[in-house]
Amino acid sequence: MIGIEHYTVVSGLLFVIGLTTVMVRRNAIAILMGVELILNAAALNFVAFSRFSGAGGPGEVTALFVVVLAVAEAAVALAIILNYFKLLGSVDVDEADLMKG
Amino acid sequence: MTWETVIFYLAAALTVGSALMVAFSRRLINAGFALLATFGGVAILYGLLGASFLAGTQVLLYIGGILVLLIFAIVLTKNMEHARISMTGIQKVLGVIMAAVLAVVLWISFSGTEWLVRTPPDFAGAGPEGIGNLFMTDYILPFEAISVLLLIALVGAAYMVRRKT
């Protein structure tokens with residue numbers, strides 16, 4: 001029987017892998033992918049806890065908010081990344097030190 | 001083993017395995033396509049949880065929207081589709097150590113928790129109708145706020161990538 005622990009473990013693994021992606025990668029697009037993994041892990045947890053507490057609605061609504069936020073975040077972040085690429089010809093975050101004081 | 005158990009383990013393996021590919025594959029375009037499998041696996045998990053509307057939204061918005069945007073960005077940035085995502089050694093080691101510490105912390109809190117609900121209560125999921133009702137009643141303020149935020153984000157994104165005259 002699949003209980004809530006199973007979903008929690010999958011979501012935790014997804015979160016840890018997403019965090020690893022964010023910390024290990026230097027490419028801005030790859031870091032954005034890690035952020036998407038983290039958001040997915042959190043949304044999965046919301047839905048699982050809501051489902052096992054007997055009321056699926058609130059968790060699904062929260063997960064839908066997360067999806068919309070992820071779309072908005074990806075659109076803005078990719079616009080910034082494309083601008084940055086036009087400016088410097090690279091998307092390496094280690095080289096992004098134009099605003100260094 | 002019921003069919004639900006089998007599908008759950010397949011979907012979980014697909015999700016975690018492709019997420020590992022996102023984190024460690026050597027070419028950026030491979031990471032992008034591995035992300036497709038991750039989003040698909042999470043959509044299957046949503047379906048198993050009874051959230052079929054959310055599973056459809058996941059496929060439409062994540063796979064049809066965000067992933068296409070990401071792959072467009074990879075292809076638009078010159079030579080990126082073959083780019084080796086170089087990782088410096090020290091950064092890789094430190095990142096993996098940090099992630100391992102977080103995993104241990106999560107595992108400690110996970111195994112120390114007493115789960116009250118072992119079996120899911122009989123419940124078929126809210127469905128599109130229930131979700132629509134929730135959006136228009138209990139969640140009307142966040143719904144309006146997120147509409148404005150989405151508008152601002154899209155106008156901002158379009159403004160940032162416009163052709164400078």
Side-chain angles (χ1 to χ4, degrees), chain A residues 1-10 12-21 23-27 29-30 32-34 36-37 40 43-44 47-48 51-61 63-65 67-76 78-83 85 89 91, chain B residues 4-5 8 12 15-16 19-20 22-23 28 31 35 38 42 45-46 49-51 54 57-58 61-62 65-66 69-70 73-74 76-77 85-87 91-92 95-96 98-99 102-103 106 110 115 117-121 123 125-126 130-131 134-135 139 142 146 149-150 153-154 156-157 160-161:
Chain A
M1 192 66 218
I2 300 299
I4 191 164
E5 306 99 320
H6 296 76
Y7 289 101
T8 320
V9 167
V10 171
L13 278 175
L14 211 55
F15 188 93
V16 170
I17 295 170
L19 192 73
T20 317
T21 313
M23 287 195 295
V24 156
R25 298 292 205 195
R26 294 166 64 200
N27 186 298
I29 299 174
L32 200 59
M33 290 178 186
E36 302 295 346
L37 286 183
N40 257 292
L44 183 62
V47 179
R51 168 77 178 85
F52 281 84
S53 70
E60 285 190 50
V61 168
L64 282 170
F65 283 136
V67 172
V68 174
L69 282 175
V71 172
E73 170 245 335
V76 174
L78 286 173
I80 293 173
I81 290 172
L82 283 182
N83 258 352
F85 178 77
V91 288
Chain B
E4 193 200 348
T5 317
F8 173 83
T15 308
V16 175
L20 280 173
V22 173
L28 191 53
L35 205 58
T38 314
V42 174
L45 291 178
Y46 285 154
L49 283 165
L54 188 57
T57 313
Q58 170 95 357
L61 281 185
Y62 262 108
I66 295 179
L69 264 181
L70 278 172
I74 296 171
L76 276 180
T77 48
I85 329 168
S86 56
M87 300 181 244
Q91 183 190 13
K92 197 174 183 177
V96 171
M98 282 291 291
L102 177 75
L106 282 180
F110 170 78
W115 302 101
V117 186
R118 295 260 168 200
T119 52
F123 176 70
I131 291 173
L134 279 174
F135 269 136
Y139 293 88
I146 211 159
L149 179 123
L150 197 58
L154 292 182
M160 265 190 287
V161 293

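Proteins get letters first, then strands, A, B, ... in listed order; numbering begins at 1 in each.
Taking each heavy atom of A:T21 and B:A23 in turn, the nearest pair found is OG1-CB, 3.3 Å. The two residues A:A74 and B:I66 come nearest to each other via the heavy atoms CB-CG2, 4.1 Å. The two residues B:A99 and A:V16 come nearest to each other via the heavy atoms O-CG1, 3.6 Å. In terms of heavy-atom proximity, A:V24 sits nearest to B:G95 at CG2-CA, 4.2 Å.
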- Message: The test is side-chain contact (heavy atoms from CB on, under 4.5 Å); show your working for A:E5 and B:F110 and say whether it passes.
- Response: CA-CA 8 Å; A:E5 306 99 320; B:F110 170 78; 3.7 Å; yes

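Counting heavy atoms from C-beta on, the side chains of A:L19 and B:M98 never come closer than 4.5 Å. Residues B:V22 and A:I17 fail the side-chain proximity criterion, which asks for heavy atoms closer than 4.5 Å. In this structure the side chain of B:L134 never reaches within 4.5 angstrom of the side chain of A:E60, judged on heavy atoms. Residues B:Y62 and A:V71 are not in side-chain contact: their nearest non-hydrogen atoms beyond the backbone lie 4.5 Å or more apart. When side chains are defined from C-beta on, A:V68 does not count as touching B:L149, because their heavy atoms never get closer than 4.5 Å. Looking at heavy atoms from C-beta onward, A:V47 lies out of side-chain contact with B:L45 at the 4.5 angstrom threshold.
The most heavy-atom pairs under 4.5 Å with chain B, out of A:V10, A:I80, A:I81, A:L78, come from A:L78. Note on A:V76, A:V9, A:L13: by heavy-atom pairs under 4.5 Å with chain B, the leading option is A:V76. Among the candidates B:L70, B:T38, B:L61, the residue making the largest number of heavy-atom pairs closer than 4.5 Å to chain A is B:L70. When each of B:A103, B:A19, B:G156, B:G130 is scored by its heavy-atom pairs under 4.5 Å with chain A, the top score falls to B:A19.
Between atom CG of residue A:L32 and atom CG of residue B:L69 there is a gap of 9.5 Å, rounded to the nearest 0.5 Å. Taken from CD in B:Q58 to CG in A:L44, the straight-line distance is 9.0 Å, to the nearest 0.5 Å. A distance of 7.0 Å separates CG of B:L35 from CD of A:E36, quoted to the nearest 0.5 Å. To the nearest 0.5 Å, atom CE of residue A:M23 and atom CG of residue B:L102 are 8.0 Å apart. From B:K92, atom NZ reaches atom CZ of A:R25 across 8.5 Å, with rounding to the nearest 0.5 Å. Distance check: A:F65 CZ to B:F135 CZ gives 4.5 Å after rounding to the nearest 0.5 Å.
Residue contact with chain B, scored on non-hydrogen atoms closer than 4.5 Å, involves the backbone and the side chain of A:L64 alike. Interface remark: A:N83 contributes side-chain atoms only to the contact with chain B (heavy atom separation under 4.5 Å). At a 4.5 Å heavy-atom cutoff, the contact between B:L106 and chain A is made by side-chain atoms alone. Using a 4.5 Å cut-off between heavy atoms, B:T15 contacts chain A through both its backbone and its side chain. Using a 4.5 Å cut-off between heavy atoms, A:F15 touches chain B through its side chain atoms alone.
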